[in-house]
There are 2 protein chains.
Amino acid sequence: MTSVEEPARTGGRIRDAARTRAEILDVATKEFARAGLAGARVDEIAALTRTTKRMIYYYFGGKEQLFTAVLERAYSVIRQAEQDLDVEHLDPVAAIRRLAELTFDHHEAHPDFIRLVSIENIHEAEHIAASEQLGKIGSPALEVIHRILESGRKSGLFTADVDAVDLHAMISSFCFFRVANRHTFGALFGRDLTAPDQREHYRAMLGDMVIAYLTADRTA
Amino acid sequence: MTSVEEPARTGGRIRDAARTRAEILDVATKEFARAGLAGARVDEIAALTRTTKRMIYYYFGGKEQLFTAVLERAYSVIRQAEQDLDVEHLDPVAAIRRLAELTFDHHEAHPDFIRLVSIENIHEAEHIAASEQLGKIGSPALEVIHRILESGRKSGLFTADVDAVDLHAMISSFCFFRVANRHTFGALFGRDLTAPDQREHYRAMLGDMVIAYLTADRTA
DNA sequence: TCACTAATGTACGAACTAGTACGTTAGCTA
DNA sequence: TAGCTAACGTACTAGTTCGTACATTAGTGA
């Protein structure tokens with residue numbers, strides 16, 4: 001998610017509002033993810049950019065607004081990935097599995113996003129609530145899930161009476177926990193949930209779990 | 001988890017090491033859960049007790065050690081609940097469901113514990129790692145799960161080739177996410193995962209999910 | 001009952017930290 | 001090319017925050 005590419009610096013002061021803003025966001029993302037909202041230091045964020053603290057206040061207004069901007073950009077990444085997903089050509093079982101894997105892959109690839117969301121939950125989602133961009137926009141994945149569920153039930157494949165939001169929660173919980181809680185889980189049980197050689201194991205486990213739930217024999 | 005009962009104060013200074021220590025722990029638990037390690041204030045914790053900041057340093061040494069002590073006590077609660085669980089008389093399916101419900105109930109009843117664990121993960125479990133009491137002690141639930149899985153597989157009921165730690169992760173992820181991420185989930189999707197009238201719905205969903213996974217038809 | 005120590009209280013300081021007042025300049029536009 | 005403004009830098013402050021030096025006393029054991 002690094003947005004700043006060119007370190008082009010010719011000597012004198014360079015002016016590039018977009019680049020300065022993006023660089024602050026990049027650094028702030030790492031810093032907030034590392035230390036939390038209260039733990040992150042505005043001075044430290046500024047020091048890690050090419051510019052000064054003054055610019056953080058100039059572009060974002062303050063520490064909290066900067067955090068909100070960081071969150072907004074982090075959420076836009078997964079939303080884009082969900083939007084780019086194409087599962088219309090797949091059968092319901094394969095489609096759900098594909099969608100679950102998308103969440104699995106995204107969360108694994110973006111641990112900073114996971115940390116930011118954890119931190120935002122400590123703050124009871126007040127920044128999301130205050131954000132025009134993030135408030136109750138839902139997720140592109142929800143509509144996709146909804147359509148797959150419809151089709152799966154119609155064909156008799158899916159027996160579960162579950163709605164899209166709950167299924168999304170089920171998928172997210174597994175993917176989120178695996179990344180977010182890997183430290184305490186590893187420290188307590190001696191197992192690294194994100195060990196590379198176990199990746200396929202957990203990826204398959206997620207799919208198996210969701211499909212088993214959706215297709216379970218419910219005649220008993 | 002409140003340990004301090006008697007506010008007995010006769011006028012002069014009262015000395016009760018155990019009570020003072022416990023009161024600090026009670027207040028610190030709430031404060032750390034509310035604001036995180038960096039966000040919590042030692043002065044604020046002290047102000048909410050009957051004693052002074054000096055006592056925090058006297059009994060715990062510092063802010064970080066106090067946080068570790070808070071974590072240790074919080075973990076001891078769920079460990080005790082797991083130890084008290086008796087599922088030996090149940091069939092494997094009922095036993096697993098009962099165990100999952102125990103985690104579900106505990107996490108719902110102890111949101112502060114969930115927040116503390118989230119916070120500890122932001123700090124990459126460094127306090128657990130440094131704690132003699134918490135380092136790799138595992139969980140009483142693991143042995144229970146192990147025995148149930150053995151028995152379920154032997155009887156042919158369970159088809160899944162899963163080990164106790166992974167199943168524990170599956171159960172925990174659902175229960176943990178539901179409480180830890182309820183704020184962002186609610187803000188984004190407009191659904192309160194911890195709404196009291198949905199409690200039984202999610203409790204059943206967890207059990208259905210785990211049992212479906214364990215008993216799925218894997219002949220195909 | 002006397003002395004000793006664990007337990008407690010007070011007051012303070014050094015370092016940090018978010019935010020801002022004020023000054024400067026690059027680069028665009030008329 | 002003159003001047004205007006968005007973009008940027010410096011230096012500072014008011015308030016906070018962790019931690020501690022020092023003083024005090026309740027309760028216990030000899």
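As a basis for the values below, the full set of heavy atoms in this structure was taken, side chains included, without hydrogen atoms, waters or symmetry mates. Just so it is clear, the structure is predicted and the values come from calculations on it, not from any experiment. Chain letters run A, B, ... following the sequence lines, proteins first and then strands; every chain starts at 1.
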Report yes if a side-chain nitrogen or oxygen of B:T20 is closer than 4.0 Å to either non-bridging phosphate oxygen (OP1 or OP2) of C:dT8; otherwise report no.
-> yes
Of the candidates C:dG9, D:dA6, C:dA21, the side chain of A:Y58 sits closest to D:dA6
Parallel, tilted or perpendicular: which fits the ring planes of B:F174 and B:Y202, with parallel below 30° and perpendicular above 60°?
-> tilted
For A:R182 and A:V179, indicate whether the former's side chain and the latter's backbone hold a donor-acceptor pair under 3.5 Å.
-> yes
Scan B:A18 against the nucleic acid and name what it touches under 4.0 Å (heavy atoms): base, sugar-phosphate only, or nothing.
-> nothing
Quick note, A:T52 side chain, CB onward, closest among C:dT17, D:dC18, D:dT10 is D:dT10
Calculate the interatomic distance between B:F60 atom CZ and C:dA7 atom C1'; express it in whole Å.
-> 14 Å
Heavy-atom closest contact (B:I171 atom, B:A100 atom, distance) = CG2-CA, 3.8 Å
Should B:T51 be listed as having a side-chain N or O under 4.0 Å from OP1 or OP2 of C:dT8?
-> no
A:R15 side chain: which of D:dG9, D:dC18, D:dA7 is closest?
-> D:dA7
Between C:dT8 atom C1' and B:Y59 atom OH, what is the distance in whole Å?
-> 8 Å
With heavy atoms under 4.0 Å as the rule, sort B:A46 into base, sugar-phosphate or nothing.
-> nothing
Hey, what's the ring geometry for B:H123 with B:H127, parallel, tilted or perpendicular (30° and 60° as the breaks)?
-> perpendicular
Given atom NZ of A:K53 and atom P of C:dC16, what is their separation to the nearest angstrom?
-> 13 Å
Starting at atom CG of A:D43, determine the distance to atom P of C:dG19, rounded to an integer number of angstrom.
-> 11 Å
C:dA18 phosphate, OP1 or OP2, under 4.0 Å from A:R41 side-chain N/O = yes
Look at the side chain of B:K63 and decide which nucleotide, out of C:dA18, C:dT8, D:dG19, has an atom nearest to it.
-> D:dG19
Mind calculating the distance between CZ (A:R54) and C1' (C:dG23) to the nearest angstrom?
-> 11 Å
With distance as the sole criterion, is a donor-acceptor pair present between the side chains of A:E72 and A:S131 under 3.5 Å?
-> yes
Nearest-Å distance for atom pair CZ/P, residues A:R19 and C:dA26 | 15 Å
Nearest-Å distance, OH (A:Y57) to P (C:dA18)?
-> 6 Å
Can you check the B:R21 CZ to C:dA6 P distance for me, whole Å?
-> 16 Å
